[in-house]
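Structure, as structure tokens:
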Amino acid sequence: MIGLSTYAYFWQWSDQVPEPLSLADMLADTARHGVQLFQICDYPPLESMSDAELDEVREQARRLGVRLELGTRGLRPAHLRRYLELAGRLDAALVRSMMHSAESKPTLDEAEAYLREVVPEYAAAGVTIALETYEQVPTTTLVELVERVADPHLGICLDPANVVAALELPGAVIDLTAPHVVNVHVKDFAFTRSPGWVGFQLTGAPLGTGQLDRAHEVRAVRAAERGVNEVVEHWLPWQGDAETTCAVEREWTAHNLDHLRSERT
């Protein structure tokens with residue numbers, strides 16, 4: 001299934017714009033695009049919502065025909081249990097997380113112990129944890145962690161764009177993680193020379209226009225065939241003003257959705 005994420009609305013719900021979108025606005029826009037999946041990822045207000053507010057989000061998603069997924073950071077058992085509660089309240093079947101958070105950077109052995117404690121509870125609830133590939137943790141470490149725990153309710157959230165900052169090759173990461181991928185974050189990326197021709201910038205790009213080998217990712221992961229959800233994100237640089245930035249963000253979303261849909265026809 002193709003989905004959108006809060007990261008597809010990064011600027012539109014930020015405090016950099018005069019009238020930031022609410023979570024309800026993002027859900028409504030997701031449905032307007034004909035998309036049936038929305039990942040609430042790294043969205044701090046979620047953790048402070050009351051039960052009544054969470055119920056309202058769940059009911060809106062149901063009315064719109066939009067399934068929910070969640071995203072957070074960190075592996076401490078108490079934190080993952082809180083997200084399991086949120087997943088239950090919101091009928092979410094997947095929680096994306098990262099090995100590190102601002103408060104916790106476990107070793108591989110510590111991360112394994114955390115997950116061995118919590119993954120059985122996720123499995124019992126029918127919820128999967130997806131650990132994202134990113135520059136702070138070598139992909140080999142993430143794969144070893146998943147293989148050590150060896151539970152079908154623990155897998156990889158593949159984002160090849162993130163690993164470039166750690167000098168990992170996106171194609172190699174795709175191949176290494178493919179058997180364990182349970183979620184995909186889809187965003188293209190490009191290197192451009194910095195002003196003055198000294199150094200480079202790594203930023204986002206509309207899907208199919210950057211340096212992501214999307215065809216290789218599609219062949220290796222086989223997301224549609226395996227029932228792996230693919231969630232659109234953006235790395236859109238600020239465009240100089242709020243109106244222009246939000247307009248480009250909307251254009252990228254429409255373009256990327258069209259691109260993904262064309263792959264499945």
Strictly below 4.0 Å, N to O, side chains only: are [X] and [Y] in salt-bridge contact?
| X | Y | answer |
| --- | --- | --- |
| Glu263 | Arg214 | yes |
| Asp109 | Arg148 | yes |
| Asp159 | Lys187 | yes |
| Arg81 | Glu117 | yes |
| Asp42 | Arg96 | yes |

With a 4.5 Å heavy-atom cut-off, do [X] and [Y] have their side chains touching?
| X | Y | result |
| --- | --- | --- |
| Glu168 | Pro138 | yes |
| Val127 | His153 | no |
| Thr6 | Met26 | yes |
| Pro160 | Leu212 | yes |
| Thr72 | Arg82 | no |
| Phe200 | Thr192 | no |
| Leu90 | Leu46 | yes |

Nearest 0.5 Å, please: how far is [atom2] in [Y] from [atom1] in [X]?
| X | Y | atom1 | atom2 | result |
| --- | --- | --- | --- | --- |
| Arg62 | Leu68 | CZ | CG | 10.0 Å |
| Glu230 | Leu158 | CD | CG | 9.5 Å |
| Thr203 | Leu236 | OG1 | CG | 9.0 Å |
| Ser97 | Leu131 | OG | CG | 6.5 Å |
| Arg261 | Asn256 | CZ | CG | 11.0 Å |
| Thr128 | Leu94 | OG1 | CG | 6.0 Å |

Can you name the closest pair of heavy atoms from [X] and [Y] and give their distance?
| X | Y | value |
| --- | --- | --- |
| Gln12 | Cys246 | CG-SG, 3.8 Å |
| Val35 | Gly3 | CG1-CA, 3.7 Å |
| Ser5 | Val231 | CB-CG1, 3.4 Å |
| Phe38 | Leu27 | CD2-CD2, 3.8 Å |
| Asp188 | Gly210 | OD2-N, 2.9 Å |
| Pro106 | Glu110 | CA-OE1, 3.2 Å |

Start with the C-alpha gap between Met99 and Arg73, add the side-chain angles, then the distance that decides, and say whether side chain to side chain contact (heavy atoms under 4.5 Å, CB included) holds.
CA-CA 7 Å; Met99 188 168 165; Arg73 303 183 186 191; over 6 Å; no
What about [X] and [Y], same hydrophobic cluster or not, with Ile/Leu/Val/Met/Phe/Trp/Tyr joined at side-chain heavy-atom distances under 4.5 Å?
| X | Y | result |
| --- | --- | --- |
| Val232 | Trp13 | yes |
| Val143 | Val149 | no |
| Leu202 | Val163 | yes |
| Val186 | Tyr134 | yes |
| Leu176 | Leu145 | no |

Within the side chain of [X], is there an N or O that forms a donor-acceptor pair under 3.5 Å with the backbone of [Y]?
| X | Y | answer |
| --- | --- | --- |
| Thr253 | Glu249 | yes |
| Ser104 | Ser101 | no |
| Thr245 | Ala242 | no |
| Asp25 | Ser22 | yes |
| His234 | Tyr9 | no |
| Gln60 | Ala24 | yes |
| Arg58 | Arg89 | yes |
| Thr244 | Asp241 | no |
| Thr177 | His180 | no |

Partner of Trp11 under ring pair (Phe, Tyr, Trp, His ring centres under 6.0 Å), picked from Trp238, Trp252, Trp235, is Trp238
Against Gln39, only a single residue in Asn229, Asn183, Thr30 fulfils side-chain hydrogen bond (donor to acceptor under 3.5 Å, both in side chains); can you say which?
Asn183
Candidate pair Thr141 and Glu144, rule side chain to side chain contact (heavy atoms under 4.5 Å, CB included), full reasoning
CA-CA 5 Å; Thr141 299; Glu144 182 177 352; 5.7 Å; no
Neighbour count above 12 (heavy atom, 6.0 Å) for [X] [atom1]:
| X | atom1 | result |
| --- | --- | --- |
| Glu243 | CD | no |
| Glu19 | CD | no |
| Gln211 | CD | yes |

Evaluation steps, side-chain hydrogen bond (donor to acceptor under 3.5 Å, both in side chains), between His79 and Glu103:
CA-CA 11 Å; His79 183 68; Glu103 300 79 23; over 6 Å; no
Have a look at Thr139 and tell me which of Ile156, Asn162, Val173 forms a side-chain contact (heavy atoms from CB on, under 4.5 Å) with it.
Val173
Under the side-chain contact (heavy atoms from CB on, under 4.5 Å) test against Tyr122, which residue among Val95, Leu154, Asp151, Leu115 passes?
Val95
Ring-plane angle category for Phe10 and Tyr7, please: parallel below 30°, perpendicular beyond 60°, tilted otherwise.
parallel
Hey, mind stepping through Leu80 and Leu75 against side chain to side chain contact (heavy atoms under 4.5 Å, CB included) and telling me if it holds?
CA-CA 6 Å; Leu80 287 179; Leu75 300 182; 4.3 Å; yes
Evaluation steps, side chain to side chain contact (heavy atoms under 4.5 Å, CB included), between Ile2 and Leu257:
CA-CA 8 Å; Ile2 296 169; Leu257 288 173; 3.7 Å; yes
